[in-house]
Amino acid sequence: MCPVLSTPIDWKETPDAHIFMADLPGLSKEDVKVEVSEGRILQISGERKSVEDSDKNTEKWHCVERNRGRSFCRQFRLPENAKVDQLKASMDSGVLTVTVPKEKVKVPVKKTIEIEEN
């Protein structure tokens, strides 16, 4: 299976932030890397430990269906209103959450101009 498809990531936008959530069961925060490159490219990457990392002398695998021993890398182009310098990431129960605050968009003030008569 493609490493990209095996690492689904949700991206939602709230009034205050862009929030990315990735299910990464079995991975610790040390196994995952969150970076911003080229100014606005969010990259989430990591590697799942392979089955071969187990003790071959005492363990015998009968079925291996979960993706392991593969690295993954997902990239997202952040919008211009993203405050990449204030990005935060946390890991809880195998779920990575990356929060990127947004700049407040200034709404132009509507002003009515009175038309003078000539």
Side-chain angles (χ1 to χ4, degrees):
M1 179 181 275
C2 173
V4 169
L5 298 177
S6 66
T7 309
I9 296 179
D10 296 337
W11 175 3
K12 72 176 177 179
E13 182 176 355
T14 69
D16 300 319
H18 294 277
I19 301 171
F20 297 83
M21 293 166 285
D23 292 338
L24 302 172
L27 296 184
S28 68
K29 65 180 187 176
E30 290 79 21
D31 298 326
V32 180
K33 196 186 281 187
V34 177
E35 303 172 291
V36 175
S37 62
E38 299 176 29
R40 291 190 354 247
I41 306 293
L42 172 65
Q43 179 171 296
I44 300 170
S45 61
E47 187 164 350
R48 293 176 172 85
K49 292 185 174 74
S50 68
V51 173
E52 289 81 35
D53 292 341
S54 63
D55 187 354
K56 293 180 184 180
N57 295 326
T58 60
E59 297 177 350
K60 178 180 177 183
W61 288 89
H62 292 278
C63 180
V64 178
E65 294 180 346
R66 296 182 299 153
N67 288 321
R68 298 171 135 199
R70 289 187 178 185
S71 60
F72 65 90
C73 181
R74 298 291 310 273
Q75 293 183 333
F76 301 90
R77 181 175 301 280
L78 296 170
E80 290 187 28
N81 68 345
K83 294 181 179 179
V84 294
D85 57 327
Q86 296 179 23
L87 181 144
K88 292 185 179 165
S90 63
M91 191 91 149
D92 185 30
S93 300
V95 178
L96 172 70
T97 302
V98 178
T99 304
V100 186
K102 291 172 28 179
E103 295 279 346
K104 299 289 182 203
V105 176
K106 294 180 181 176
V107 179
V109 178
K110 184 176 180 181
K111 184 177 178 183
T112 304
I113 307 295
E114 198 171 308
I115 302 171
E116 296 178 12
E117 288 187 40
N118 285 333

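Here the structure is a predicted model, which is why all the values come from computation and not from measurement. Side chains are part of it too, since the values below use all heavy atoms of this structure and drop only hydrogens, waters and symmetry mates.
Residue Leu42 comes nearest to Leu87 through the heavy atom pair CD1-CD1, 3.8 Å, listed as atom of the first residue, atom of the second, then distance. In this structure, Glu47 and Leu27 approach most closely via the heavy-atom pair O-CD2, 3.6 Å.
Judged purely by atom type and a 3.5 angstrom limit, Arg40 uses its side chain to pair as donor or acceptor with the backbone of Leu78. Under a 3.5 Å cut-off, the side chain of Lys83 and the backbone N or O of Ala17 do not form any donor-acceptor pair.
No more than 12 heavy-atom neighbours from other residues, nucleotides or ligands sit within 6.0 angstrom of CG on Asp92. With a 6.0 Å radius and a threshold of 12 heavy atoms from other residues, nucleotides or ligands, Glu103 has its CD atom above the threshold.
Residues Val84 and Val34 are members of one and the same hydrophobic cluster, defined by side-chain heavy-atom contacts under 4.5 angstrom among Ile, Leu, Val, Met, Phe, Trp and Tyr. No path of Ile, Leu, Val, Met, Phe, Trp and Tyr side chains, each step under 4.5 Å between heavy atoms, connects Val95 with Trp11, placing them in separate hydrophobic clusters.
Going from atom OG of Ser93 over to atom CG of Asp23 covers 11.0 Å, rounded to the nearest 0.5 Å. To the nearest 0.5 angstrom, Glu35 atom CD is 9.5 Å from Gln75 atom CD. In this structure, CD1 on Ile19 lies 8.0 Å from OG1 on Thr97, to the nearest 0.5 angstrom. Separation of atoms CD (Gln43) and NZ (Lys33) is listed at 8.0 Å; rounding is to 0.5 Å.
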Exercise for review: List the steps, then state whether side-chain contact (heavy atoms from CB on, under 4.5 Å) holds for Thr112 with Glu114.
Suggested key: CA-CA 6 Å; Thr112 304; Glu114 198 171 308; over 6 Å; no

Review point. Stepwise, does the side-chain contact (heavy atoms from CB on, under 4.5 Å) test hold for Phe76 with Val100?
Key: CA-CA 12 Å; Phe76 301 90; Val100 186; over 6 Å; no

Point to revise | Verdict with supporting geometry, Met91 and Ser28, side-chain contact (heavy atoms from CB on, under 4.5 Å) | key: CA-CA 8 Å; Met91 191 91 149; Ser28 68; 6.0 Å; no

Review point. Should His18 and Asn81 be marked as a side-chain contact (heavy atoms from CB on, under 4.5 Å) after you check the CA-CA gap, both sets of side-chain angles, and the distance that decides it?
Key: CA-CA 10 Å; His18 294 277; Asn81 68 345; 3.4 Å; yes

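Inter-residue side-chain proximity for Lys104 and Asp16 is flagged as met; some heavy-atom pair is nearer than 4.5 Å. Inter-residue side-chain proximity for Phe72 and Ile9 is flagged as unmet; no heavy-atom pair is nearer than 4.5 Å.
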